[in-house]
There are 2 protein chains.
Amino acid sequence: MSCRGLLITVTGKMQLMATPKQRATVQGGAVRSVLADGAGFSSAQDIHAALRLQGKPVGLSTVYRHLQSLVEQGAADVIQSPDGEATYRYCGETTSAHHHHLVCRKCGHTEEVTARAIERWAADIASKFDFSDVDHTVEIFGTCAPCRRTADEIALDT
Amino acid sequence: MSCRGLLITVTGKMQLMATPKQRATVQGGAVRSVLADGAGFSSAQDIHAALRLQGKPVGLSTVYRHLQSLVEQGAADVIQSPDGEATYRYCGETTSAHHHHLVCRKCGHTEEVTARAIERWAADIASKFDFSDVDHTVEIFGTCAPCRRTADEIALDT
DNA sequence: ACTGCTAACGACAATCACTCCCACTAACGA
DNA sequence: TCGTTAGTGGGAGTGATTGTCGTTAGCAGT
């Protein structure tokens with residue numbers, strides 16, 4: 001989420017070259033575009049499969065590598081799905097602001113949510129118990145309206 | 001803690017009580033008591049190891065089984081640690097109320113936190129986007145005061 | 001107490017997400 | 001065009017978790 005501090009330190013060291021050396025590879029672009037096309041959160045495995053379907057097979061390790069670096073750059077969000085799998089979502093370079101998600105547990109459709117109140121609350125709680133270095137995860141899972149409707153139809157059929 | 005007492009009581013007059021057919025086994029009690037003794041969240045593997053240290057080796061599958069059933073009964077909380085491992089914490093039968101956690105990422109020490117405001121906020125957001133069946137995870141990770149101090153000492157030594 | 005039923009156990013195999021390793025490939029600056 | 005080296009891929013490895021299945025032991029009912 002907010003590893004910006006780290007990035008700044010790193011870039012400080014190699015200050016001679018802006019955007020030091022990050023090669024533009026086909027695989028990197030492919031991973032990024034698949035992630036960007038997906039509506040909501042998708043797992044590394046999903047992306048790997050999607051890439052394969054598109055006829056641009058990319059190694060699984062490569063997918064993980066790019067996903068990680070996108071997260072470090074702040075271009076993607078990660079959340080642990082309730083069953084422990086890491087899922088990723090493209091956030092664009094612009095959306096650098098800290099935010100949370102409302103995720104459909106059926107289709108993965110996601111709404112971005114920001115709430116100052118939550119941030120303040122988390123900070124308050126932390127200082128009250130004398131915790132430092134705080135970071136928080138707030139995710140809301142539910143069923144979106146379209147998915148609810150299809151679920152109802154299925155229920156009627158049986 | 002006195003979870004053993006409870007078990008004995010239950011076995012005394014079983015049929016009247018809830019928990020229709022749940023056998024009281026030594027292993028179950030051991031898992032429960034290790035979990036209860038631990039201050040904060042601990043992983044299944046930790047519990048398995050602790051049990052082994054105590055000289056009451058319990059099969060890993062058994063540990064997982066009991067952990068799951070404790071969670072189902074509401075006697076334990078699970079959260080996914082930031083690196084994706086499931087960690088468990090005893091919450092007693094009484095603490096059935098919905099709550100969240102402030103967890104030290106060094107030592108696992110945990111404070112329970114409840115906040116009406118958060119619940120209301122989550123519900124509001126959900127209804128605003130027409131999501132139903134909503135559920136949310138809110139966890140705050142940080143470094144507690146004692147851990148911060150020891151970390152500082154180590155930094156000074158080097 | 002004795003017995004039968006079957007829930008619970010536990011060792012091991014299997015699975016699954018993810019990381020590591022390393023020889024090979026292809027960007028990119030000179 | 002060439003050399004350097006970041007980036008690639010695939011297979012092996014890891015660590016958590018789940019499934020399988022023969023064995024063990026709670027807990028009635030007698």
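Within every chain, numbering begins at 1; the chains are lettered A, B, ... in the order of the sequence lines, protein sequences first and strands thereafter. In this text the structure is predicted, and so the values were computed from the model without any measurement. No hydrogens, no waters, no symmetry mates; every other heavy atom, side chains included, goes into these values.
In this structure, A/Q27 has no side-chain hydrogen bond (donor to acceptor under 3.5 Å, both in side chains) partners at least two apart in sequence or on a different chain. Shown here are the side-chain hydrogen bond (donor to acceptor under 3.5 Å, both in side chains) partners of B/E119, two or more places apart in sequence or in another chain: B/H98, B/H100, B/H136. Not a single salt bridge (charged side-chain N to carboxylate O under 4.0 Å, His left out) links A/R105 to another residue, sequence neighbours left out. Among residues two or more places apart in sequence or in another chain, the ring-ring contact (aromatic ring centres under 6.0 Å, His included) test is passed with A/H109 by none. The side-chain contact (heavy atoms from CB on, under 4.5 Å) check on B/A117 picks up nothing, with sequence neighbours excluded.
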Quick tally for nucleotides 19-30 of chain C: nucleotides whose base has a protein heavy atom under 4.0 Å get B, sugar-phosphate-only ones S, the rest -, giving BB-----BBS--
Please set out all donor-acceptor pairs under 3.5 angstrom arising from side-chain atoms of residues 125-135 of chain B, sequence neighbours excluded.
unit_1 : atom_1 : unit_2 : atom_2 : d
B/S127 : OG     : B/D124 : O      : 3.0
B/D130 : OD1    : A/R148 : NH2    : 2.9
B/S132 : OG     : A/R148 : NH1    : 2.9

Output side-chain donor-acceptor pairs under 3.5 Å for residues 57-66 of chain A, partner residues at least two apart or in another chain, one line each.
unit_1 : atom_1 : unit_2 : atom_2 : d
A/T62  : OG1    : A/R65  : NH2    : 3.3
A/Y64  : OH     : A/Q45  : NE2    : 3.0

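Remark: A/P57, A/V58, A/G59 in residues 45-59 of chain A come within less than 4.0 Å of DNA chain D through at least one heavy atom.
Atom NE2 in B/H66 sits about 10 Å away from atom C1' in C/dA7, given to the nearest Å. Going from atom CG of A/L67 over to atom P of C/dC18 covers 9 Å, rounded to whole Å. With rounding to whole Å, A/D83 atom CG is found 17 Å from D/dA16 atom P.
A/G28 comes within 4.0 angstrom of the backbone, heavy atoms only, and of no base.
Within the structure, salt bridge (Lys or Arg N to Asp or Glu O under 4.0 Å) contacts touching residues 76-89 of chain B (residues at least two apart or in different chains) are B/R89-B/E112.
Other cluster members for B/F41: B/I79, B/V103, B/F141, joined by side-chain heavy-atom distances under 4.5 Å among Ile, Leu, Val, Met, Phe, Trp and Tyr.
The distance from the OG atom of A/S33 to the NZ atom of A/K56 is 4.5 Å, given to the nearest 0.5 Å.
Note that the two end axes of the helix from C/dA1-D/dT30 to C/dA30-D/dT1 enclose an angle of 30°, each drawn from 5 base pairs, rounded to 10 degrees.
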